[in-house]
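Written out below as structure tokens is the structure these notes cover.
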Protein chains: 2
Amino acid sequence: MTMRLADSGEGGELKRCVHDYQVNCGNCRLNGICLPLALETDDIKQLDEIIQRSKPLQKSQHLYREGDRFQSVYAVRSGALKAYKTTDDGREQVTGFYFPGEILGMDGISNNSHASSAKALETAAVCEIPFSSLERLSAMMPNLQRHFFQLMSREITEDQQLITLLSKNSADERVASLMLSISNRNAKRKLSATQFRLPMSRVDIGNYLGLTVETVSRVFSRMQKMDILLVDNKEIRILDTEGLKKMANLGT
Amino acid sequence: MTMRLADSGEGGELKRCVHDYQVNCGNCRLNGICLPLALETDDIKQLDEIIQRSKPLQKSQHLYREGDRFQSVYAVRSGALKAYKTTDDGREQVTGFYFPGEILGMDGISNNSHASSAKALETAAVCEIPFSSLERLSAMMPNLQRHFFQLMSREITEDQQLITLLSKNSADERVASLMLSISNRNAKRKLSATQFRLPMSRVDIGNYLGLTVETVSRVFSRMQKMDILLVDNKEIRILDTEGLKKMANLGT
DNA sequence: CCCCGGACTTGACGCAAATCAAGGTCCCCG
DNA sequence: CGGGGACCTTGATTTGCGTCAAGTCCGGGG
């Protein structure tokens with residue numbers, strides 16, 4: 001049975017979680033990326049109080065599943081997750097990868113039920129932000145309301161980027177774009193932009209980019225042969241960022 | 001001038017708009033679809049006051065362009081619009097079609113600048129909702145805040161539907177899905193679900209579904225030959241809804 | 001340590017949709 | 001009312017990626 005954060009709703013249980021995971025938004029090194037960006041110290045304290053931190057998810061554990069009742073959005077603290085939908089014929093469409101500082105779960109608001117599932121790609125810790133509390137606080141704190149509107153809007157523009165990628169770009173361009181996206185997001189978190197370990201499998205990459213595993217693999221080989229990337233299984237090193245950008249063929 | 005199916009529904013309303021812009025949310029026949037869904041009569045009056053109604057857009061006029069400063073979101077009152085982005089190599093990705101009662105422009109919130117352009121596919125009237133006022137009202141009216149969160153979330157889930165469609169479905173399935181989507185949205189507006197006039201060109205459909213014009217045209221021909229649709233240029237009549245659903249191959 | 005299964009790579013082949021090409025049709029404007 | 005350009009359809013050909021198949025690599029458990 002899958003362990004869900006929301007399940008640890010009992011008083012004693014919750015308290016223990018808080019004790020064990022004494023991080024708070026004020027001292028979190030991700031607080032430039034995550035929710036509290038625009039807030040005053042006082043406001044952060046209030047936000048901090050509604051956020052629940054619990055024990056990490058193990059690899060391949062679900063944070064929530066398609067159809068689950070929507071109660072919270074989640075901020076990634078460490079590790080990585082994927083969000084995905086399962087099509088009627090059983091195939092999987094990955095709709096996003098989420099790294100530390102990023103927020104997921106917002107697609108559940110419209111129906112009070114999650115429109116996708118979220119699963120840990122590796123051991124991951126998340127902050128749970130109960131949506132009802134977030135709504136209440138937002139009404140009181142204009143900055144928070146605005147910030148959350150912006151977060152949702154960003155999710156929309158990112159989805160639209162992906163739509164364009166899927167419908168207009170070749171396999172090479174898609175994979176190159178994803179590598180650049182991961183590189184940029186790493187840079188934002190003060191990690192290396194040129195060397196990283198992919199937390200997701202080739203299958204996941206394929207299911208995200210609308211390609212088969214074989215094609216993804218072939219693209220990596222091609223990039224390696226062109227001395228753009230150095231690929232050692234999940235270890236990636238970008239040798240030629242300009243070449244990669246050219247291959248991605250995006251003005252960005 | 002030829003009588004058109006779609007005009008018979010919206011034409012009267014358009015005429016009234018042209019004469020005077022004194023429509024208000026309280027008496028708008030779209031208010032079950034649009035923003036004020038969850039509001040009390042008093043609240044609607046307040047919302048009504050911030051909404052600006054202006055003279056209709058002519059076909060192919062822009063409502064806003066990619067990069068424009070973001071100030072408002074818009075509700076379609078009559079007609080139809082498309083939202084699209086232009087890729088670096090000059091091609092066009094249509095990210096959505098918007099019919100009466102639907103809201104567009106929310107992708108501009110994250111950067112205070114529109115991430116896409118919006119253009120009228122035919123003569124269209126829109127309600128402009130200044131975002132700053134909407135934010136102010138939202139903080140005061142929890143129902144409005146929630147409703148707007150839900151609207152944005154719906155935009156996200158719809159984009160994710162499109163992502164899945166683009167990456168997993170054949171040309172036949174894509175076109176069939178779009179026809180069903182338009183049919184359903186018509187039904188919501190109390191118009192015929194089986195007979196309508198497409199406001200967009202084949203090129204627009206292709207640019208939305210990630211297909212070329214030729215392919216779109218061929219799919220229409222195929223559907224006609226299978227007695228699923230009756231296609232007369234932009235006039236569409238659905239002859240076999242079940243067959244269409246089967247062709248779309250979506251559990252919905 | 002070795003074995004096993006899942007993840008990844010590589011090659012051969014086929015197909016759905018893109019591209020190229022040529023007309024046909026609608027309708028806007030002079 | 002008639003000319004022209006945009007839009008649409010249809011056919012022939014090409015091609016990028018999917019599919020199928022056959023390994024190879026790697027990591028974890030006995």
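Naming: A, B, ... by sequence-line order, numbering from 1 per chain. Fair warning: this is a prediction, and the values are worked out from it, not measured in the lab.
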**Message:** Measuring only between side-chain heavy atoms, which start at C-beta, is A:K188 closer than 4.5 Å to A:N184?
**Reply:** no

**Message:** Using whole Å, what does the distance between atom P of nucleotide C:dA16 and atom CD of B:E173 come to?
**Reply:** 12 Å

**Asked** Within this structure, what is the CZ-to-P distance between B:F220 and D:dT9, rounded to whole angstrom?
**Response** 8 Å

**Request:** Starting at atom CD of B:E92, determine the distance to atom P of D:dC7, rounded to an integer number of angstrom.
**Result:** 11 Å

**Request:** Rounded off to whole Å, could you give me the CG-to-C1' distance for the A:L121 and C:dA7 pair?
**Result:** 15 Å

**Request:** Look at atom NZ of B:K234 and say whether more than 12 heavy atoms of other residues, nucleotides or ligands are closer to it than 6.0 Å.
**Result:** yes

**Asked** Has A:R189 got more than 12 heavy atoms of other residues, nucleotides or ligands less than 6.0 Å from its CZ?
**Response** yes

**Whole-Å gap separating P (C:dT25) and CG (B:N233)** = 12 Å

**Request:** Heavy atoms only: give me the nearest A:Y98-A:E155 pair and the separation to one decimal.
**Result:** OH-OE2, 2.9 Å

**Message:** Can you tell me if B:S201 touches the phosphate of D:dA6, counting only side-chain N or O atoms and a distance under 4.0 Å to OP1 or OP2?
**Reply:** no

**Request:** Dump the intermediate steps for side-chain contact (heavy atoms from CB on, under 4.5 Å) on A:F220 and A:M179, then the final yes or no.
**Result:** CA-CA 10 Å; A:F220 275 130; A:M179 292 303 105; 3.9 Å; yes

**Prompt:** If you find the nucleotide of DNA chain C closest to A:K225 and the one closest to A:K234, which residue's nucleotide is nearer the 5' end?
**Reply:** A:K234

**Length of the NZ-P vector between B:K59 and D:dA6, whole Å** = 13 Å

**Message:** Using whole Å, what does the distance between atom C1' of nucleotide D:dC17 and atom CG of A:L209 come to?
**Reply:** 14 Å

**Item:** d(CG, A:L166; P, D:dC17) in whole Å
**Value:** 13 Å

Between protein and nucleotides 17-20 of chain C, what N or O pairs are separated by less than 3.5 Å?
| unit_1 | atom_1 | unit_2 | atom_2 | d |
| --- | --- | --- | --- | --- |
| C:dA17 | OP1 | B:A171 | N | 2.7 |
| C:dA18 | OP1 | B:G210 | O | 3.4 |
| C:dA18 | OP2 | B:T212 | N | 3.4 |
| C:dA18 | OP2 | B:T212 | OG1 | 3.0 |
| C:dA18 | OP2 | B:T215 | OG1 | 2.4 |
| C:dT19 | O4 | B:R218 | NH2 | 2.9 |
| C:dC20 | N4 | B:E214 | OE2 | 3.1 |

**Distance, nearest 0.5 Å, that separates OG1 of A:T95 from CD of B:Q161** = 10.5 Å

